[in-house]
Amino acid sequence: MKSIYKLAFAAIAFTLPLASCSDDDDYAPGEEVAADCPSVYFPQQGSYSYTFTSDEADKNINLKVCRLNSVGAVAVPVTITSDVEGFTGPATIEFADGQTEAVYPLSCDGIPRQSECDVTVSIPEDFTNPYAEGTSMVSVKSLVADWELWAPNALFEFSYYYASIRSDIYAMRGTRRLKIENFLGSGLDLQVNVEDIDRNVTSYARMFPLNNADPYVNYYPDDAFDCWYFYDEATGDWPVWSPDGIGTPQIKFALCYGYDASSNYKYTYILPFDNSGSFTFEFSYSDGTSGYDYVNFSYDEPLFEMF
């Protein structure tokens with residue numbers, strides 16, 4: 001059996017070179033990159049969307065730029081293209097001799113407020129390498145907007161343990177972003193993004209956290225649940241608190257369920273046309289108990305249209 005295996009393998013090996021050559025092959029090698037080309041590129045990243053508030057002093061989008069050939073200092077020309085005015089940046093990306101990474105500061109300080117704007121930043125072909133892992137051009141979205149009071153004194157109701165509490169909800173025009181001030185009495189603000197919905201199809205709009213959220217998948221990567229722990233980004237810890245300031249026991253961990261794709265059930269959502277919504281939590285308490293609970297909220301007519 002062993003000799004038959006060796007013979008069969010030899011036959012296959014012998015035919016491989018013959019199969020790879022043909023008079024009909026149209027293969028032509030790509031153009032060679034010049035030896036002195038710096039081969040500059042923007043490495044791929046997950047998102048090119050940035051948001052600033054108008055009172056932020058630094059509205060720079062710092063784009064990472066790399067090069068494969070680090071020999072010599074080089075100034076790489078940059079082209080900024082946009083349908084709106086206000087995006088500005090240096091005329092060149094500067095690399096010192098031996099430097100392989102640099103940062104290009106693209107300022108969006110002058111763009112129109114309350115509206116997401118697009119801009120493209122590109123590098124000339126003479127300075128790039130078509131075989132590099134990144135790209136010679138990036139398209140960026142940027143928004144400069146402010147939080148405005150949207151739903152004052154919204155009512156948040158717990159099923160047990162705690163009395164109802166009230167918080168103001170803010171909105172950012174030009175986005176689908178909301179901010180709940182002093183979220184559930186924790187002392188922390190929670191920002192969420194509200195999905196766009198077709199009111200003719202559904203009244204539910206899922207909410208996704210934008211800050212103070214620690215994804216469940218960071219702890220259990222094999223678990224498919226879309227969940228997140230309420231988390232204090234400023235201290236790098238989980239808050240411990242009583243929502244109404246008087247109830248006991250205190251909350252130690254708050255795991256919020258976002259969306260279950262298998263059942264298509266919306267655990268954390270807003271009903272924008274009914275002025276209400278709900279968060280679904282699994283709370284762990286300071287007395288060692290835990291419970292699955294809903295936090296329902298409602299508000300009067302909002303101060304301006306968001307949906």
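Computed from a predicted model, the values in this text were never measured in an experiment.
- The backbone N or O of Ser54 sits less than 3.5 Å from a side-chain atom of Asp146, completing a donor-acceptor pair.
- Remark: side-chain polar atoms of Ser284 are not paired, donor with acceptor, to backbone N or O of Phe253 under 3.5 angstrom.
- Phe183 and Phe281 have tilted rings, their planes meeting at an angle from 30° to 60° on a 0 to 90° scale.
- Hydrophobic clustering keeps Val71 apart from Leu68 (ILVMFWY residues linked when any side-chain heavy atoms are closer than 4.5 Å, directly or through intermediates).
- A salt bridge links Glu148 to Arg173: at least one charged side-chain nitrogen sits closer than 4.0 Å to a carboxylate oxygen.
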Requested in this report: Begin with the C-alpha distance, continue with both residues' side-chain angles, and end with the deciding distance and a verdict on side chain to side chain contact (heavy atoms under 4.5 Å, CB included) for Val121 and Leu63.
Outcome: CA-CA 9 Å; Val121 182; Leu63 299 174; 4.0 Å; yes
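- Neither side chain, Asp237 nor Thr235, offers a donor N or O lying under 3.5 Å from an acceptor on the other.
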Report task. For Asp109 and Ser107, run side-chain hydrogen bond (donor to acceptor under 3.5 Å, both in side chains): C-alpha distance rounded to whole Å, both residues' side-chain angles, the deciding distance at 0.1 Å, then the answer. Result -> CA-CA 6 Å; Asp109 190 34; Ser107 173; 5.3 Å; no
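- Contact check for Leu188 versus Asn182: no side-chain heavy atoms found under the 4.5 Å cut-off.
- Taking 4.5 Å as the limit, every side-chain heavy atom of Ser122 sits out of range of all side-chain heavy atoms of Ser136.
- Checking side-chain atoms of Tyr231 against main-chain N and O of Gly236 turns up a donor-acceptor pair under 3.5 Å.
- In this structure, Leu178 and Ile270 have side chains that are in contact, with non-hydrogen atoms separated by less than 4.5 Å.
- Formation of a donor-acceptor pair under 3.5 Å by the Arg166 side chain with backbone atoms of Ala154 is not found in this model.
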Query - Steps toward ring-ring contact (aromatic ring centres under 6.0 Å, His included) verdict (Tyr285, Tyr161) - result: CA-CA 11 Å; Tyr285 300 102; Tyr161 276 143; 4.8 Å; yes
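- A ring-ring contact (aromatic ring centres under 6.0 Å, His included) with Phe230 holds for exactly one of Trp241, Tyr216, Trp238; it is Trp241.
- One N or O on the side chain of Asp97 and one on the backbone of Gly72 form a donor-acceptor pair closer than 3.5 Å.
- Inter-residue side-chain proximity for Ile111 and Glu85 is flagged as unmet; no heavy-atom pair is nearer than 4.5 Å.
- Between the side chain of Asp226 and the main chain of Gly258, no donor-acceptor pair closer than 3.5 Å is present.
- Ring geometry, Phe52 versus Tyr50: the interplanar angle falls under 30°, so the pair is classed parallel (tilted spans 30 to 60°).
- No continuous path of hydrophobic side-chain contacts links Met137 to Phe127 [ILVMFWY only; heavy atoms under 4.5 Å].
- Between the side chain of Thr92 and the main chain of Glu94, no donor-acceptor pair closer than 3.5 Å is present.
- Heavy-atom neighbours of Asp83 CG from other residues, nucleotides or ligands within 6.0 Å: at or below the threshold of 12.
- In this structure, the side chains of Pro90 and Tyr104 come closer than 4.5 Å at one or more pairs of heavy atoms.
- Neither Leu210 nor Leu190 shares a network with the other; the hydrophobic side chains, linked directly or stepwise wherever heavy atoms of I, L, V, M, F, W or Y lie under 4.5 Å apart, form separate groups for each.
- Ring to ring, Tyr257 and Tyr292 are close: their centroids are under 6.0 angstrom apart.
- Linking Ile, Leu, Val, Met, Phe, Trp and Tyr whenever their side-chain heavy atoms come within less than 4.5 Å leaves Phe208 and Tyr267 in two separate clusters.
- In terms of hydrophobic clustering, with Ile, Leu, Val, Met, Phe, Trp and Tyr side chains grouped at heavy-atom distances under 4.5 Å, Phe279 and Tyr170 are assigned to a common cluster.
- A search for ring-ring contact (aromatic ring centres under 6.0 Å, His included) contacts involving Trp228 returns nothing, not counting sequence neighbours.
- Checked by atom type and distance alone, the side chain of Thr175 pairs as donor or acceptor with a backbone atom of Met172 at under 3.5 Å.
- Asp244 contributes a side-chain N or O that, together with a main-chain N or O of Ile246, makes up a donor-acceptor pair within less than 3.5 Å.
- Side chain of Gln191 to main chain of Lys179: no donor-acceptor pair is present (N/O by atom type, distance under 3.5 Å, no hydrogens or angles).
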Acceptor/donor pairs from residues 295-305 side chains to any protein atom, 3.5 angstrom cut, sequence neighbours excluded:
residue, atom, partner, partner atom, Å
Asn296, OD1, Ser278, OG, 2.9
Glu301, OE2, Asn275, ND2, 3.2
Glu305, OE2, Phe307, N, 2.8

